[in-house]
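Sequence positions, counted from 1, serve as the residue numbers for this chain.
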Amino acid sequence: MTCRDDILTVARVLARASADGTFSSQEVVAALRARGTVHLDTTIRRHVASEMCRNATGPGAGKYHDLERVERGRFRLIPT
């Protein structure tokens, strides 16, 4: 599985477990670590905060429209 696939899997679990449906990149890292991921923490954080976040800015930002930053450090899944 790709890093993106792994993140989406745990993001769905974290979103369901959260009262407001949001989660932090650190929660994603911790959940993937608990599952024994081979991805580096920095790679996971970059994917969450930039590549997978539709309202991120900068090079490579918003490559995939999977997540949306709703406040500082908090993200939510974009319904498909």
Minimal heavy-atom distance between E71 and R69, with the atoms involved, is O-CG, 3.4 Å
With sequence neighbours left out, the residues meeting side chain to side chain donor-acceptor pair (under 3.5 Å) with T22 are D20, R74
What pairs of residues pass the side chain to side chain donor-acceptor pair (under 3.5 Å) test when at least one of them lies in residues 54-68, not counting sequence neighbours?
R4-D66, R54-E68, E68-R76
R46 and T42, any side-chain heavy atoms less than 4.5 Å apart:
no
Rounded to the nearest 0.5 Å, how far does CG of L67 lie from NE2 of H47?
10.5 Å
Which heavy atom in C53 sits nearest to a heavy atom in F75, and how many Å separate them?
SG-CE2, 4.1 Å
Can you list the residues that meet the side chain to side chain donor-acceptor pair (under 3.5 Å) rule with D5, with sequence neighbours excluded?
T2
Testing the basics here: between L14 and F23, what is the closest heavy-atom pair and its distance to 0.1 Å?
CB-CB, 3.9 Å
Measure the spacing between CD1 of I7 and CG of L32 and express it to the nearest 0.5 Å.
6.5 Å
Within-4.5 Å side-chain heavy-atom neighbours: D6 and V10
no
Main-chain N/O of R16 paired to R12 side chain as donor or acceptor, under 3.5 Å:
no
Is there a side-chain contact between M1 and T9 in this structure, where contact means two heavy atoms from C-beta onward sitting under 4.5 Å apart?
yes
How many angstroms lie between atom CG of L40 and atom SG of C3, to the nearest 0.5 angstrom?
9.0 Å
Heavy-atom closest pair, residues S50 and P59
OG-O, 4.2 Å
Which heavy atom of L77 sits nearest a heavy atom of L8, and at what distance?
CD2-CD2, 3.9 Å
